[in-house]
There are 2 protein chains.
Amino acid sequence: MTPSNVMNIKNLKQACKACSLGDLCLPLGVPLEDLELLEGIISRKRPVHRGDLLYQAGDPLGCLYAVRCGSVKTFVLTDDGEEQITGFHLPGELLGLDAIGDGVHPCTALSLETSSVCEIPFDGLEALAGRTPGLQHQLLRIMSRELQSDEQLMTLLGKRASDARLAAFLLNLSDRFGRRGFSRHEFNLTMSRNDIGNYLGLAVETVSRMFSRFQSQDLITVRRKLITLHDIEGLRRVAGLHGQQAQCTAACEQRPEVSAGG
Amino acid sequence: MTPSNVMNIKNLKQACKACSLGDLCLPLGVPLEDLELLEGIISRKRPVHRGDLLYQAGDPLGCLYAVRCGSVKTFVLTDDGEEQITGFHLPGELLGLDAIGDGVHPCTALSLETSSVCEIPFDGLEALAGRTPGLQHQLLRIMSRELQSDEQLMTLLGKRASDARLAAFLLNLSDRFGRRGFSRHEFNLTMSRNDIGNYLGLAVETVSRMFSRFQSQDLITVRRKLITLHDIEGLRRVAGLHGQQAQCTAACEQRPEVSAGG
DNA sequence: CGTTATTTTGATATGTGTCAAAGCGTGTGG
DNA sequence: CCACACGCTTTGACACATATCAAAATAACG
């Protein structure tokens with residue numbers, strides 16, 4: 001009705017092919033000619049704002065959502081009414097896959113900041129996947145990876161102490177930000193301390209205390225929402241991820257601290 | 001080489017169509033004519049015994065495995081070498097889906113008793129799913145449901161006390177046994193107390209104490225591996241699953257104990 | 001039938017939740 | 001632009017649930 005609508009239609013054309021995070025999202029491995037078919041069913045919504053819901057628990061599954069920019073949290077409501085956060089989602093990640101089983105969203109998705117998401121009608125995606133082996137494969141891969149990361153989270157929640165949980169959480173975010181071209185050493189937490197505690201199965205106070213402790217150990221600097229990682233290897237040690245990446249010789253036992261400008 | 005091989009070949013023909021748990025497994029929703037194609041790629045192995053491995057962490061993904069009878073546990077090895085159990089799997093359940101992402105099994109699958117499993121080459125399954133919409137849909141559904149159940153487990157591990165965890169675990173098993181035609185009230189635990197504790201993020205001793213407590217509260221009877229549930233509604237209350245099924249009025253506050261023959 | 005593994009029970013230690021309150025940033029209205 | 005109020009975060013004190021340590025009881029296995 002207004003000129004702005006025309007703009008929106010134009011924006012729609014600016015889909016997967018031009019999207020900077022293509023290879024983190026569904027299009028990875030999908031041949032160019034099929035990509036256009038995928039673009040055909042995806043629509044890009046207006047930006048959503050902090051606190052906006054993408055979908056709510058109980059909603060019928062209409063679309064999956066891909067985060068384009070910003071961040072989103074998903075949570076289920078336990079039977080006594082409190083929320084359990086099931087994930088924080090960064091650009092390139094697909095939301096709503098847990099709704100395919102019953103055709104109903106089991107959790108709610110809420111935007112943590114001003115974000116942009118792509119809407120992908122599931123019916124269309126499924127039909128297209130049947131005709132496009134690369135897309136089917138990528139869809140299965142994405143779901144499989146989510147199963148894998150859930151398994152890691154279970155280990156964290158089931159076996160690890162509070163410091164290991166928070167350290168693993170920070171390292172996980174660092175890694176995911178890094179893959180998206182952001183700094184691995186410095187990033188903003190878009191979720192509250194409360195959310196972090198909820199996700200990690202810890203009280204808010206414990207999260208806060210651990211942040212303070214890590215800071216006093218020169219592992220990180222905390223300045224409100226801004227986190228700076230100074231000693232990633234040290235964090236790995238706290239997280240219980242011994243020498244996963246670099247060769248772990250004597251170096252694991254040394255390294256007292258790395259001073260950095262305060 | 002021996003006559004017994006001939007028997008095995010005959011057994012192979014006795015595939016999905018004749019399988020008693022067809023509608024719990026992959027074939028659900030797959031039309032009859034496509035079912036034969038599915039049967040074509042599935043092979044049924046000899047029984048596996050207690051302690052046998054179906055696959056190990058690090059193995060390349062060759063096949064998915066469907067439990068036909070018996071039970072299997074899957075676990076990842078944490079970086080400091082201890083195992084974290086990620087699931088117990090009953091007949092009709094599909095194992096190895098978490099390997100699709102990287103083409104490598106992230107966890108190990110070990111049979112808890114004498115079991116029988118079907119081997120499903122993933123390549124073939126994927127190719128067939130591309131030609132069979134019903135099969136593709138069922139595969140996506142199975143993976144989605146697993147995501148959903150992981151979310152529930154996260155809530156359990158993150159928020160619930162030890163009694164709620166164990167109660168929820170028993171109810172979950174009861175429900176799954178029930179769906180498979182076994183008793184919902186009485187079943188054998190094929191896993192050790194250690195395994196249960198590992199899975200639920202509890203010490204063995206705590207699991208044992210909770211079993212004793214539930215028994216003294218007349219919620220269950222424990223006789224070694226054999227568990228009998230006497231008061232499912234009571235267990236639901238302990239698990240924090242308030243009035244999910246029946247209406248929960250004043251009864252929730254009353255009911256001091258229900259005596260039963262000891 | 002003896003040996004070993006598993007399970008149960010008890011005593012104690014400790015990490016983390018809970019309660020309480022202060023500090024700090026953010027946003028709002030005068 | 002400043003003052004106030006509100007929410008979020010941090011810090012402290014304490015209590016409690018559960019892990020840990022230790023040992024007995026019981027089942028499993030050769």
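- No engagement by A:Lys159 is indicated, since no non-hydrogen atom pair under 4.0 Å with the nucleic acid exists.
- The distance from atom NE2 of B:His105 to atom CG of B:Leu64, rounded to the nearest 0.5 Å, is 7.5 Å.
- Side-chain N/O atoms of B:Lys225 include one lying less than 4.0 angstrom from OP1 or OP2 on C:dT7.
- At least one donor-acceptor pair closer than 3.5 Å links the side chain of B:Glu113 to the backbone N or O of B:Ser71.
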Please test B:Tyr55 against B:Tyr65 for ring pair (Phe, Tyr, Trp, His ring centres under 6.0 Å), starting from the C-alpha separation and ending with a verdict. CA-CA 9 Å; B:Tyr55 52 82; B:Tyr65 297 84; 5.6 Å; yes

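- Screening B:Arg237, B:Arg160, B:Lys159 for a salt bridge (Lys or Arg N to Asp or Glu O under 4.0 Å) involving A:Asp80 leaves a single residue, B:Arg160.
- By the 4.0 Å N-to-carboxylate-O rule, A:Lys73 lies close enough to A:Glu83 to be salt-bridged with it.
- Nearest heavy-atom pair across A:Met154 and B:Leu153 is SD-CD2, 3.4 Å.
- Rounding to whole angstrom units, CZ of residue B:Arg193 and P of C:dA5 are separated by 19 Å.
- With respect to A:Glu93 and A:Arg176, a salt bridge is recorded, a charged nitrogen being found less than 4.0 Å from a carboxylate O.
- Here the closest heavy-atom approach between residue B:Asp163 and residue B:Phe214 is recorded as O-CZ, 3.3 Å.
- For the pair B:Gln215 CD and C:dT9 C1', the interatomic distance rounds to 14 Å; values are reported in whole Å.
- The bend of the helix from C:dC1-D:dG30 to C:dG30-D:dC1, defined by the angle between the axes of its first five and last five pairs, stands at 50° to the nearest 10°.
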Annotated protein contacts, base or backbone, on nucleotides 15-28 of chain C with a non-hydrogen cut-off under 4.0 Å, one of B, S, - each: -SSBB-----S---

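- Inspection of the A:Ser174 and A:His185 side chains reveals no N or O donor paired with an N or O acceptor under 3.5 Å.
- Nearest heavy-atom pair, A:Ile85 versus A:Asn198, reported as atom, atom and distance to 0.1 Å: N-OD1, 2.8 Å.
- Contacts between chain A and DNA chain D, taken as any atom within less than 4.0 angstrom of a protein heavy atom, begin and end at D:dT9 to D:dA13.
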